[in-house]
Amino acid sequence: MNWKTALLSALVLGLPTPARADMVRYATPPGYAAPQSYPTHYERGVLVAEPELPDATPASTVRLFVGPALRVSSLGARVGALAAAEFGRKAAGLRLTGAWADAGTERGLSQYTGEFWLDLGMGELYHPILGAGAGVARVGQPGDADHPADTATVGIGVFRAAFEVVLPVRDTDARAGIEALGSLPVAKPKDMTASGPWALVVATVGVGF
């Protein structure tokens, strides 16, 4: 081996060997916090809590309503009362109603009706309601020189428009509302003097079971 070959070999052996990047380990500086990885879209969907939805209004099968009523007719205005039982768990059902205003007097009224109703706000806080049906009424007849005071039994058709609000009573279908119930005589005696329609304006409070 001549001196040129020996010198070349010494230079090659003396060069530092490059370190592999994946083999180099560095000490963690004191007080250094590794950055946190951001969650993926899927992880965000899991980590973020969904907001809790408010409890739905309890649905009841039977609801009872009572309230004061004001009868308005050609004979004037009379104060009375109304009671009703409503049947139906969904957005439609049957309602039975009794209403009285000065019953037994010459300007009195007592009526009993049944109707089918439709709830336009099923499951909501506010309940616009429409109803239609028929029934029987005992209507007072004022007397005059030719006819003494009396009462007449008539068949009536009814139409109801109501607006109810769910009351904040826990786990109970409690409601307050206002309604207008219009009545039209459709079958009446020929000698009935007060034969025009009348209306009941009612404020109600009800509870369901």
Side-chain angles (χ1 to χ4, degrees), residues 59-122 127-143 147-167 172-209:
S60 55
T61 302
V62 179
R63 290 171 294 278
L64 302 179
F65 293 88
V66 294
L70 179 67
R71 180 203 178 192
V72 181
S73 71
S74 60
L75 300 177
R78 291 291 184 270
V79 177
L82 178 144
E86 198 169 86
F87 305 91
R89 190 177 182 86
K90 302 297 183 181
L94 174 68
R95 176 183 172 107
L96 302 178
T97 303
W100 306 268
D102 284 350
T105 69
E106 65 178 20
R107 295 179 182 270
L109 168 73
S110 58
Q111 71 177 45
Y112 308 92
T113 58
E115 69 181 63
F116 293 104
W117 54 265
L118 179 65
D119 188 348
L120 304 181
M122 176 64 187
H127 295 261
I129 297 173
L130 298 176
V136 176
R138 291 281 293 172
V139 182
Q141 299 294 291
H147 301 86
D150 196 4
T151 58
T153 301
V154 299
I156 57 174
V158 295
F159 178 80
R160 183 172 66 99
F163 184 79
E164 298 174 358
V165 180
V166 176
L167 299 178
T172 303
D173 185 7
R175 305 181 187 184
I178 186 169
E179 61 184 60
L181 180 64
S183 300
L184 177 66
V186 293
K188 57 188 178 180
K190 293 181 179 180
D191 58 349
M192 182 176 178
T193 57
S195 59
W198 62 87
L200 294 172
V201 180
V202 190
T204 60
V205 175
V207 62
F209 303 94

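- Taking a cutoff of 4.0 Å between a charged side-chain nitrogen and a carboxylate oxygen, R107 and D102 do not qualify as a salt bridge.
- Here the OG1-CG distance, from T113 to L200, works out to 9.0 Å after rounding to the nearest 0.5 Å.
- Between T151 and R138, the side chains place a donor N or O and an acceptor N or O closer than 3.5 Å (distance only, hydrogens not considered).
- The list of salt bridge (charged side-chain N to carboxylate O under 4.0 Å, His left out) pairs with a residue in residues 65-76, not counting sequence neighbours, is empty.
- Between T97 and A84, the closest heavy-atom pair is OG1-CB, 3.7 Å.
- Side chain of R63 to backbone of G88: a donor-acceptor contact under 3.5 angstrom is found.
- A cation-pi contact, defined as under 6.0 Å to the ring centre and within 45° of the axis, links R95 to F65.
- Across every non-hydrogen atom of V158 and A134, the tightest pair is CG2-N, 3.8 Å.
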Step-by-step side-chain contact (heavy atoms from CB on, under 4.5 Å) determination, E86 to T61:
CA-CA 8 Å; E86 198 169 86; T61 302; over 6 Å; no
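- Side-chain contact check for V201 versus E179: every heavy-atom pair is 4.5 Å or farther apart.
- Between atom CD1 of residue I178 and atom CD of residue E164 there is a gap of 11.5 Å, rounded to the nearest 0.5 Å.
- Between the CZ atom in R175 and the OG atom in S60 there is a gap of 6.0 Å [rounded to 0.5 Å].
- Expressed to the nearest 0.5 Å, how far OH of Y112 lies from CG of L96 amounts to 13.0 Å.
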side-chain contact (heavy atoms from CB on, under 4.5 Å) for F159 and L130? Distances and angles first, verdict last.
CA-CA 8 Å; F159 178 80; L130 298 176; 4.2 Å; yes
I would like to know whether V136 and V154 meet side-chain contact (heavy atoms from CB on, under 4.5 Å); could you show each step before the answer?
CA-CA 6 Å; V136 176; V154 299; over 6 Å; no
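- Here the straight-line distance linking atom NE2 of H127 with atom CG of L118 works out to 12.5 Å at 0.5 Å rounding.
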Verdict with reasoning, L82 to V66, per side-chain contact (heavy atoms from CB on, under 4.5 Å)
CA-CA 6 Å; L82 178 144; V66 294; over 6 Å; no
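- For P185 against P197, the heavy-atom pair with the smallest separation is CD-CA, 3.9 Å.
- Separating the CH2 atom in W198 from the CG atom in L184 is a distance of 8.5 Å, to the nearest 0.5 Å.
- Pairing each heavy atom of W117 with each of L94, the nearest pair is NE1-N, 3.2 Å.
- The heavy-atom pair separating E115 from G131 by the smallest distance is OE2-CA, 3.6 Å.
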